[in-house]
Number of protein chains: 2
Amino acid sequence: MAKLQKSIDKRNALVKATIELVNNAGFHATPMSKIAKMANVSPATIYLYFENKQDLVNQTYIDVKAEYTKYAFDTYDENMSVESGFELIWKRIADFKLKECEHAMFLAQCDNTPIIDEISRQEGIKHLQPLLDLWERGRQEGIIKPVSDYLLYAYAINPLSFLMMAQKRGAFQLNKTHLEEAYQSAWSSIKVCK
Amino acid sequence: MAKLQKSIDKRNALVKATIELVNNAGFHATPMSKIAKMANVSPATIYLYFENKQDLVNQTYIDVKAEYTKYAFDTYDENMSVESGFELIWKRIADFKLKECEHAMFLAQCDNTPIIDEISRQEGIKHLQPLLDLWERGRQEGIIKPVSDYLLYAYAINPLSFLMMAQKRGAFQLNKTHLEEAYQSAWSSIKVCK
DNA sequence: TAAAAAAGAATGAACATTCATTTTTTTATA
DNA sequence: TATAAAAAAATGAATGTTCATTCTTTTTTA
């Protein structure tokens, strides 16, 4: 009840500020005072929305992860064929990582450091289930290689994180052609070869 | 002169402690005092070997990156064919990431956060040159896809980082068979298809 | 006008770094 | 080779700052 009365805008502003500051300076160099300032809020106000700094970053992670997977699966439905379902999801993920670069970067940072609680990490993983289900179906139909989800993810999805980071650092620019090539690589790395 | 007298062992112990603590707690939660304690040294002593905390972590990064690439290219020579050269390097990298897991994890953390200075990051990248040269040769011979180094790296090498992290988190175990499959995926994602 | 939300200032702990000494190593001399 | 003076290395404690969090008061909302 109390919570519902509090302004959701303020919570969102805090989450947004956290993402931006952690991306630019790292967790170690983002004090609560800066987060508050960027969100136009008093430091004390943060504690009306979050238990402490750890809780703030955990919740931010879960929020962003949920947004990411919502975007990824938004236009997917389970009746699609394995191949076209995968293509759809892959391209949505690519889209997200390149357009919502800030959010994708934040996830990459969280996924490669111990700044997130193990519990929140697990929470974040759950959202990926539709993709894992698709792969399982693909394996049963003999279309997808009968290997661990981790191997499939490593070759089909994870490269996009690397490309996103490289692009963010200005090292190179991903265009439409690259993207199509990348998709082909992804698909051929997980499909069963005839 | 003065520097040579100082015990290289102490510097190494400090670097080692930094890797271990940053891996387990993150940069934000590794105070100099803990690093000193783990290296059996007084906090003040750190400042005889490093300018400050940032310098310590930068140097640690460069050290580990150099060790990584030294290992990767150790048995490679430029007269090898593109395909066997690539296989050799890939397998050495895989070996390193799985055996020297702590070091590989540290690199992954540094490569996905702003804890390292841009200058040190650039320094670290230089070491990778032999692989880039091999790819260039491969492109000229029509064996390797004529695409950006970043795309090749994303699909051929980076997945190993993801698999290493997954393994480290205990999520799954990479065995010989997996590794061979992973290599095949890597190679087929960068070679020109006949 | 009462309850909820927000604010700014205060608090106390943690931390990076420096300081003043002590210990160890090196050098020079006999 | 033994010894003492000098230099270098190392130390534990001190310093001053930064920061997360809390407290008290004010403002807003119902």
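If you're wondering where the values come from, they're calculated on a predicted model, not measured in any experiment. Numbers restart at 1 for each chain; the letters A, B, ... are given by sequence-line order, proteins then strands.
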statement: To the nearest angstrom, the CG-P distance between B:L48 and C:dT25 comes to 15 Å
message: From CZ of B:R11 over to P of D:dA10, roughly how many Å is that when rounded to an integer?
response: 14 Å
field: Listed partners of B:E118 passing side chain to side chain contact (heavy atoms under 4.5 Å, CB included), at least two apart
entry: B:R121, B:Q122
- request: List in chain and number order the residues that pass side chain to side chain contact (heavy atoms under 4.5 Å, CB included) with B:K34, two or more places apart in sequence or in another chain; answer none if no residue qualifies.
  value: B:L21, B:P31
field: Rounded (10°) bend between the five-pair end axes of the helix from C:dT1-D:dA30 to C:dA30-D:dT1
entry: 10°
field: Residues in side-chain hydrogen bond (donor to acceptor under 3.5 Å, both in side chains) contact with A:H178, at least two apart in sequence or another chain
entry: A:N175
- prompt: Whole-Å distance between C:dA6 P and A:Y47 OH?
  reply: 16 Å
Pairs satisfying ring pair (Phe, Tyr, Trp, His ring centres under 6.0 Å), at least one member in residues 98-126 of chain A, at least two apart: none
Output a table of nitrogen or oxygen pairs between the protein and nucleotides 8-11 of chain C separated by less than 3.5 Å.
| from | atom 1 | to | atom 2 | distance (Å) |
| --- | --- | --- | --- | --- |
| C:dG8 | N7 | A:S42 | OG | 3.1 |

task: Would you mind reading off the distance between B:N40 atom CG and D:dG12 atom P, rounded to a whole angstrom?
output: 11 Å
statement: Taken in chain and number order and not counting sequence neighbours, the residues that satisfy ring-ring contact (aromatic ring centres under 6.0 Å, His included) with B:Y76 are none
Whole-Å gap separating P (C:dA16) and CD (B:E51): 16 Å
message: Whole angstroms only, please: what is the CG-C1' distance between A:D55 and D:dT21?
response: 14 Å
- prompt: In whole angstrom, what separates A:Q54's CD from D:dC19's P?
  reply: 18 Å
- prompt: Just checking, is any N or O donor in the side chain of A:D63 or A:Y68 under 3.5 Å from an acceptor N or O on the other one?
  reply: no
- prompt: Quick one: side chain to side chain contact (heavy atoms under 4.5 Å, CB included) partners of A:D55, sequence neighbours excluded?
  reply: A:F50, A:E51, A:N52, A:Q59
message: Among residues at least two apart in sequence or on other chains, which ones pass side-chain hydrogen bond (donor to acceptor under 3.5 Å, both in side chains) with B:R92?
response: none
- prompt: With sequence neighbours excluded, what pairs up with B:H28 under the side chain to side chain contact (heavy atoms under 4.5 Å, CB included) test?
  reply: A:F27, A:H28, A:I115
task: Measure the distance from NZ on B:K10 to P on C:dT24 and round it to the nearest whole Å.
output: 10 Å
- prompt: Do any of residues 23-39 of chain A sit with a heavy atom less than 4.0 Å from DNA chain C, and if so which?
  reply: none
field: Residues that B:Y71 engages under ring-ring contact (aromatic ring centres under 6.0 Å, His included), provided they are two or more places apart
entry: B:F96
- request: Could you tell me whether a side-chain N or O of A:K145 sits under 3.5 Å from a main-chain N or O of A:S189, the two making a donor and an acceptor?
  value: yes
